Amino acid sequence: MSPVSRATPTFSVVVCAYTLDRWDALKLAIESLLKQTLTPREIIVVSDHNPRLLTWVRAAFPTVTALANDGQQGLSGARNTGIAAASGDIVAFLDDDAAAAPDWLAQLASGYADPRVLGVGGRIDPRWAAPAPAWFPAEFYWILGCDYVGLPTEARPIRNLIGANMSIRRASFAQIGGFRSGMGRLGTIPLGCEETEFCIRLGQRFPDAILRYEPRARVTHLVTETRARPRYFFSRCWAEGQSKAIVTALTGTGAGLASERAYTFTILPRGVLRGLRDGFLRGDGAGFARAAAIVAGLAVTVGGYLRGTVGLRTRQLVLPTAPALPAISQSFTLEEAG
């Protein structure tokens, strides 16, 4: 097996899309990739069981590789389709409603100078379609697919990357398979954690590997008015709890909830205290609302987790499997990479 190259890696960028309702956002995402200072080897747009969307992409962007999801419907299946078609050293993922800074790929590439690094992710800032609601706590920006209070503010190793802005060495997928079908968003159903499970699985396969957070690799993520409403907030919390139940069943409670413990017992209490302080000392009435949203959001997430755990035990649900992907010539072990 050949070692991982330490030269500037080549990138295949995968964008998964499922609806024409986000066409304007998808165009912005693709256009941001066409303006990168580090030119991607290829841009792959995967249409998730939407033939009309596929036709539109091919007509509007003839230089882009547009493919139909040939796997199970959903984000995981679409990503796996893109991975199978990729030929770059690194597979980078950008959401269809995100837009990358011009130096996004260049900043991601800098993280791969260390051969132990198998994945690099970057900062995700919200791009609000309407003014940000004052009640929405920054500790829960993960609901929006964005960076949240609790993530590092400087480059450092991290347990898992966030799907709207992440990249993985392509050879990794040949080693451990792709994203698990049955996990991840399906249309507007706000499930998730497929990238969390993948990153934990990668770490378990290569204990000395590094997943790196690089905040200079920036993207913005569209936040529609619908996603800024309490109904979406709580539905996403519930779905996250259920998704975490699957992750812990697959990876073990220790690995599946390692980051969440510090977040729950340190970051969230600080957020509640900050909200109360803003309300009492600064006269910011929305501070009370943010504190309440943190408490309620945690309660709903825990409820979803417990419901998901009970469901897995009592109904003996079949856990999703990680599909095998075509063999990749650039296979490796960490010993060879170093």
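On a predicted model such as this, the values are computed, not experimentally measured, just so you know. Excluded from the calculations below are hydrogen atoms, water molecules and symmetry mates; all remaining heavy atoms, backbone and side chain alike, are included.
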> Walk me through it: do Ile200 and Gln204 pass the test side chain to side chain contact (heavy atoms under 4.5 Å, CB included)?
CA-CA 6 Å; Ile200 294 174; Gln204 291 175 335; 3.8 Å; yes

> For His49 and Gly71, indicate whether the former's side chain and the latter's backbone hold a donor-acceptor pair under 3.5 Å.
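Present.
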
> Arg127 side chain to Thr220 main-chain N or O, any donor-acceptor pair under 3.5 Å?
yes

> Could you tell me whether a side-chain N or O of Glu42 sits under 3.5 Å from a main-chain N or O of Ser87, the two making a donor and an acceptor?
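The answer is yes, because a donor-acceptor pair under 3.5 Å joins these two groups.
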
> Could you label the plane-to-plane angle of the Phe173 and Phe179 rings as parallel, tilted or perpendicular, counting under 30° as parallel and over 60° as perpendicular?
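If you compare the ring of Phe173 with that of Phe179, the planes turn out tilted.
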
> Using side-chain heavy atoms (C-beta onward) and a distance below 4.5 Å, is Leu28 in contact with Leu222?
no

> Give every donor-acceptor pair under 3.5 Å between a side-chain atom in residues 130-150 and any protein atom, sequence neighbours left out.
{"from": "Glu139", "atom 1": "OE2", "to": "Arg274", "atom 2": "NH1", "distance (Å)": "2.5"}
{"from": "Trp142", "atom 1": "NE1", "to": "Tyr263", "atom 2": "OH", "distance (Å)": "2.9"}
{"from": "Asp147", "atom 1": "OD1", "to": "Ile124", "atom 2": "N", "distance (Å)": "3.1"}
{"from": "Asp147", "atom 1": "OD2", "to": "Tyr213", "atom 2": "OH", "distance (Å)": "2.4"}

> Could you give the distance from OG1 (Thr251) to NZ (Lys244), rounded to the nearest 0.5 Å?
10.0 Å

> Indicate if Trp128 and Ile162 have the same hydrophobic cluster label, given that clusters are the connected sets of ILVMFWY residues with side-chain heavy-atom separations under 4.5 angstrom.
yes

> Measure the CZ-CD distance between Arg216 and Glu154 for me, rounded to the nearest 0.5 Å.
11.5 Å

> If every non-hydrogen atom of Leu94 is compared with every non-hydrogen atom of Ala98, which pair is closest and at what distance?
CD1-CB, 3.7 Å

> Do you reckon Val64 sits in the same ILVMFWY cluster as Leu54, going by side-chain contacts under 4.5 Å, direct or chained?
no

> Kindly indicate whether the side chain of Asp125, heavy atoms from C-beta on, has any atom under 4.5 Å from the side chain of Arg123.
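Side-chain contact under 4.5 Å: yes.
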
> Using a strict cut-off of less than 4.0 Å between a Lys/Arg side-chain nitrogen and an Asp/Glu carboxylate oxygen, indicate whether Arg201 and Glu197 qualify as a salt bridge.
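Yes, charged N to carboxylate O under 4.0 Å.
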
> What pair of heavy atoms forms the shortest contact from Asn165 to Ala217, and how long is it?
ND2-O, 3.0 Å

> Just wondering, do Trp104 and Val13 contact through their side chains at under 4.5 Å, heavy atoms?
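A side-chain contact exists here, since the closest heavy-atom pair is under 4.5 Å.
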
> Donor-acceptor pair, distance only, cut-off 3.5 Å: does the side chain of Thr10 make one with the backbone of Asp89?
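A pair under 3.5 Å: yes.
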
> Looking at Leu108, Val117, Ile158, which one forms a side-chain contact (heavy atoms from CB on, under 4.5 Å) with Arg212?
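Between Arg212 and the candidates, side-chain contact (heavy atoms from CB on, under 4.5 Å) is satisfied uniquely by Val117.
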
> Is the shortest side-chain heavy-atom distance between Phe198 and Ile176 below 4.5 Å?
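Side-chain contact under 4.5 Å: yes.
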
> Group every Ile, Leu, Val, Met, Phe, Trp and Tyr by side-chain heavy-atom contacts under 4.5 Å, then state whether Leu202 and Leu161 land in the same group.
yes

> With rounding to the nearest 0.5 angstrom, report the CG to CZ distance, Leu105 to Arg41.
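Here the interatomic distance stands at 14.0 Å.
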
> Just so I know, are the side chains of Glu194 and Arg180 near enough to count as touching, which here means a heavy-atom distance under 4.5 Å?
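A side-chain contact under 4.5 Å is absent here.
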
> Checking the side chain of Asn69 only, and the main-chain atoms of Gln72 only, is there a donor and an acceptor separated by less than 3.5 Å?
yes

> With a 3.5 Å distance limit and no angle check, can you tell me whether Glu240 reaches the backbone of Val302 through a side-chain donor-acceptor pair?
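Judged by distance alone, no pair lies under 3.5 Å.
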
> Phe61 versus Ile43: any side-chain heavy-atom pair under 4.5 Å?
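Result no, sub-4.5 Å side-chain heavy-atom pair not found.
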
> Is the backbone N or O of Arg116 less than 3.5 Å from a side-chain atom of Asp208, with the two atoms forming a donor-acceptor pair by type?
no

> Could you state whether Phe280 and Leu273 fall into the same hydrophobic cluster, counting links through intermediate Ile, Leu, Val, Met, Phe, Trp or Tyr residues with side-chain heavy atoms under 4.5 angstrom apart?
no

> Show the numbers, then the answer: is there a side chain to side chain contact (heavy atoms under 4.5 Å, CB included) between Glu195 and Phe93?
CA-CA 11 Å; Glu195 64 264 29; Phe93 299 90; over 6 Å; no

> With a 4.5 Å cut-off on side-chain heavy-atom distances among I, L, V, M, F, W and Y, is there a chain of contacts connecting Leu306 to Val300?
yes

> Which heavy atom in Cys199 sits nearest to a heavy atom in Leu211, and how many Å separate them?
CB-CD1, 3.5 Å

> Please report the shortest heavy-atom distance between Ala86 and Arg170, naming the atom on each side.
O-NH1, 3.5 Å

> Nearest 0.5 Å, what's the CG-CZ distance between Leu276 and Arg290?
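One gets 10.5 Å once the value is rounded to the nearest 0.5 Å.
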
> Run the ring-ring contact (aromatic ring centres under 6.0 Å, His included) test against Trp238 and tell me which residues pass, sequence neighbours left out.
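None.
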
> Is the closest side-chain heavy-atom distance between Arg169 and Gln175 below 4.5 Å?
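They are not in side-chain contact.
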
> Do Tyr112 side-chain atoms and Val120 backbone N/O form a donor-acceptor pair below 3.5 Å?
yes

> Report yes or no: does Gln36 contribute a side-chain atom to a donor-acceptor pair with the main-chain N or O of Leu38 at less than 3.5 Å?
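Side chain of Gln36 to backbone of Leu38, a donor-acceptor pair under 3.5 Å: no, none is there.
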
> Looking only at heavy atoms, which two atoms of Leu75 and Asp48 are closest? And how far apart?
N-OD2, 4.2 Å

> Look up atom CG in Leu26 and atom CG in Asp21, then write down how far apart they are to the nearest 0.5 Å.
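Separation between the atoms: 12.0 Å.
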
> Starting from the C-alpha separation in whole Å, work towards a yes-or-no answer on side-chain hydrogen bond (donor to acceptor under 3.5 Å, both in side chains) for Thr81 and Asp70.
CA-CA 6 Å; Thr81 296; Asp70 59 6; 2.9 Å; yes

> Taking CZ in Arg261 as the centre, count heavy atoms belonging to other residues, nucleotides or ligands within less than 6.0 Å. Is the count above 12?
yes

> How close do Leu67 and Arg58 get, counting heavy atoms only, and between which atoms?
CA-NH2, 4.5 Å

> Working note: Asp97 + Thr224, criterion side chain to side chain contact (heavy atoms under 4.5 Å, CB included); need CA distance, chi angles, decisive distance, verdict.
CA-CA 10 Å; Asp97 55 355; Thr224 62; over 6 Å; no

> Is there a donor-acceptor pair under 3.5 Å between the side chain of Ser47 and the backbone N or O of Asn50?
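Yes; judged by distance alone, with no hydrogens or angles, the pair exists.
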
> Can you tell me how far apart CG (Leu118) and CD1 (Ile90) are? Round to the nearest 0.5 Å.
9.0 Å

